[in-house]
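Below, read A as the first sequence line, B as the second, and so on, with proteins coming before strands; counting in each chain starts at 1.
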Amino acid sequence: MESCDRLVHLERQAVNRRRLPLGVGASVVLWVLMLAMLAVATRNSEEFGRLQPWILLANAVAVLVLMVLLIGRFAELFRERRRMIPGSRLRSQTVLILSSLALAPLLVLFAFSVLFLTRGIDSWFHLEVRQGLSDAMGLSRAALDLRMTEFLTRTERIAEDLEYRSEGELYRLLADHRRLADADDLVLFGPGGQVLASASAGPIEAGLPTIPGEILASARSGEPFISLEPAAAGGYEIRSAVALGTLDSLQARRVLMAVYPVPQRLADLATAVQSAYQQYGRLSYLREPLKLSFVMTLSLVLLMALLAAVYGAFFFTDRLVQPLQDLIGATRAVAKGDFDTRVVGTSRDEVGYLVASFNAMTARLARARAETESSRQEVESERAGLAAILARLSTGVLSLEADLTLRLANQAAGEILGADLTAHVGESLEGIAPSHPLVGQFLAAIKPQLDGSERDWREQFTLRGEGTRRELICACTMLPGEGDRPGIRVLVFDDLTQLLKVQREAAWGEVARRLAHEIKNPLTPIQLSAERVRRRLLGNLPERDAEVLERATHTIVQQVEAMKQMVNAFSEYARAPAIELESCDLNALVREAADLYHAQDPRVDIRVPVDSRSVTVLADRGRLRQVLNNLLTNSLEALESTTEPRIVVETHHLQGPPGGGFVELTVRDNGPGFQPELMDRLFDPYVTSKSKGTGLGLAIVRKIVEEHGGRIEADNEGEGARIRVWLPVDEAARGAGLPRSVRRQESRREYA
Amino acid sequence: MVLSWLAVAALAHAQAEEPRFGIRNAFVEPRGGVWQLNAILELGLSRAAETALEEGVPLTLILDTEVSRGRRFLPDENVAELQQRWQLGYDGLAQRYVVVNQNSGAQAAYASLGEALDALARIRELPLLDESLLQAGRRYEVSLRATLEIGGLPEAVKVLLFWREWSRVTDWYTWSVRP
């Protein structure tokens, strides 16, 4: 997750860095374009007028681009502030400050520019300038008026000369007068406006000037006409028209029109004055629009500069804040435990130094954590190994703190002390003792040693539970404590019960074997000798002596027979023939044995499994039959004084762990049950509560069961005795043995 | 009633404020194998245009003429286009209104603005197109439009002050001709 965050962060950084050159690049291109256009435009005003709309358009586009970019940036900043993203507050404050710093001088510059421009434009149109131009125009006009008056006088003289001339002379006279008067054209118009005669300085192709209606009308009314006319080729010309003759004469309807050129020098000056006057009038007309357009242009430039400044503020803020944001994000990641976080920084300033230091710190932290993790894994591995060893130990191991708080207990300790001690780790042993008698006895046995001053000690003691007797040997070692803390005591103890039991069984087997060997041999001669004595002497003795002999030899034979049975039993116990394992149907064997014993004593109610299903076990059929016989015999003998004797035999297959792979055989009767004082030695040889018993029945049964890899237990359940036998169903179960967990379920138990 | 009076007053005010600017009459006339345009315009100047003229800013009259042939299923065929431009200015030294045909360079000066506008308003025998370009019996449409601009202004000013009336333009005056 942290890696994803880091990737996302880097991705966002990359996007920002891609977006910045895009916007900045577009703006730079526009700026360069505008500068190039300005460079071209400033060469002359015509170019400027042509390019100014494009410059304005480029400015407007730049403003739009910047506005779009800024709206995006502001929206991004707003989102970051709402999400409380680290650094967003610093970013917004920096943008605000930088923008304000840029805005203030821009506004001042704008205000002064507008002021200077408007004042400057207004200063162009001072009254003195206008008046001066008007005076210049008047002066030019006066100079031209002099010329015009002179040219009118010339025209009038020519008209007087032509007044009484015949038509034949007109062409010649007109040519002469034109040359003498320095006129461009002289044209004599008839009463209908038709040309009567003309003389022109220009080529014939140029044609004759036409006479406008106003000139004709003015001349005919007797008013001489004189005017200054703009020439098509530039400059001016002076036109004059005079009527010939008096108003009442017939020739008065003819009009002479003369066109005079304005002297070049005068024409140039007049044209310049006129042009300046016209230009000034045009500028005067444009004064307000120009001022307005300048203000608008300045506003546009101001807006663009302002937007560019704000965008620049974003740009530089990004450069400033982004590494800090990266550091904040990386710090958070490190706080969450991601020491692989690195901040990308290329700058060589203080922030770059900070980034480098941070990266070095996280690298060291990562190394330290890796080393710690490695050490922890080693410790865990060793701990797991130790736990496995402890779990597999048949020796019980406990560690106790000074206040007897249980810190560690292996499984064997719990099994020996009859309590699940692993569930009580962290509790005081004194607190566990009341609910677990064996633990209480164990604590009572070791307490004096624990309270003593010896650090290492060894003690053997016996624990007695209900139907249980355990011989333990316990060794204690005190581990040194850390600092002021007291040391921990480690107690290691072994259950010697099994060892002692095995030793006892071995001794009993040896006894039995010797008995069988040493006693059985002389019995037969004794018996034979007694019978021979009886046979030889019985007929020769008096009746009274014969009776004594009879009774004595009979007793000898009977006792010898009894001794033979006893010796046979011992022999049977000591004998250990090889068993032949095969799959046997236990239920069938049970029913078979039950039928046999029921026939012997119909009074006893023997209940056997009615389930027809076979319960198969891996056993020696003959030895298993002997087990059943011994168990049923044991029960029958116990039921002799019972009014409604009943024996219940049950079998069932244990399913699943624990105990899977074993068959449980239960023989239960409603007799008096086992005597409590015999419970812990019930399966020992020669232990019996019956007057006639040898005490070897249950011992033989346990021996056979153990040879099969099974287990046997005896207890009193309800109103009678109960014996349970577990037998394996196959070789695998036989090899694995009955799991310990099955053993822990029982409180009273004898182990093979 | 009151509304009607108000409407009439508003109309009168509008008419007083905005002198009529339009095309009163126009026709073409074949002469010597050439179609010639004759038209009479109504060139009422707005107050802004008069002010501009008085200040020395020239006015430009643009006459756009189009001849097209209508087709049933296809767009109309543009047969001829003609644009004539005249500039009307005031020469302060000569104290005369000068009309210059910017297409031909011909120039005429008038003593008054009325005379100059009258001269501009009467389009006479303006050669439009050669008659050989037209098919006899076909129907052609001739369209005429006049535009009066206040000239000599920087384009940037026109762009920035776009809300001002820098020009007036008539609707297209269209009529059909069948050679």
Side-chain angles (χ1 to χ4, degrees), chain A residues 41 45-46 48-57 60 133-134 136-138 140-141 144 210 212-215 218 227-234 236-239 267 270-290 292-297 299-300, chain B residues 45-60 86-116 118-119 122 124 149-167:
Chain A
S45 59
E46 188 180 348
F48 181 75
R50 192 173 62 81
L51 290 178
Q52 194 181 8
W54 294 106
I55 296 171
L56 289 173
L57 182 65
L133 282 172
S134 295
M137 280 285 286
S140 301
R141 181 80 192 172
L144 287 170
T210 56
E214 58 165 335
I215 298 177
S218 173
S227 73
L228 184 67
E229 297 281 335
Y236 291 92
E237 60 187 14
I238 297 171
R239 286 180 185 241
T271 302
V273 169
Q274 157 65 17
S275 176
Y277 186 81
Q278 195 171 19
Q279 188 71 15
Y280 183 83
R282 188 179 300 173
L283 287 175
S284 179
Y285 174 76
L286 288 175
R287 178 167 67 171
E288 289 306 321
L290 271 180
L292 195 54
S293 67
F294 275 131
V295 170
M296 289 184 68
T297 306
S299 301
L300 192 62
Chain B
L45 295 186
S46 65
R47 182 64 199 150
E50 279 188 12
T51 305
L53 200 57
E54 286 169 6
E55 293 284 355
V57 178
L59 305 180
T60 303
W86 290 271
Q87 191 181 63
L88 169 62
Y90 180 71
D91 190 317
L93 193 65
Q95 295 179 332
R96 297 180 75 83
Y97 290 91
V98 182
V99 175
V100 180
N101 187 326
Q102 293 185 322
N103 293 74
S104 64
Q107 174 178 300
Y110 301 93
S112 68
L113 177 59
E115 290 176 24
D118 279 346
R122 296 180 188 281
R124 288 179 183 168
E149 288 183 351
I150 298 175
L153 294 177
E155 289 298 319
V157 174
K158 291 183 183 176
V159 172
L160 282 172
L161 308 181
F162 59 89
W163 62 90
R164 291 198 177 183
E165 187 183 56
W166 299 111
S167 65

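- Taking each heavy atom of L228(A) and A94(B) in turn, the nearest pair found is O-CB, 3.3 Å.
- Only the side chain of Y236(A) comes within less than 4.5 Å of a heavy atom in chain B; its backbone stays farther off.
- Q274(A) and G92(B) make their closest contact through OE1-N, 3.3 Å (heavy atoms, listed as atom of the first residue, atom of the second, distance).
- For the pair Q278(A) (side chain) and D91(B) (backbone), a donor-acceptor distance under 3.5 Å is absent.
- The CE atom of M137(A) lies 7.5 Å from the CD atom of Q95(B); values are rounded to the nearest 0.5 Å.
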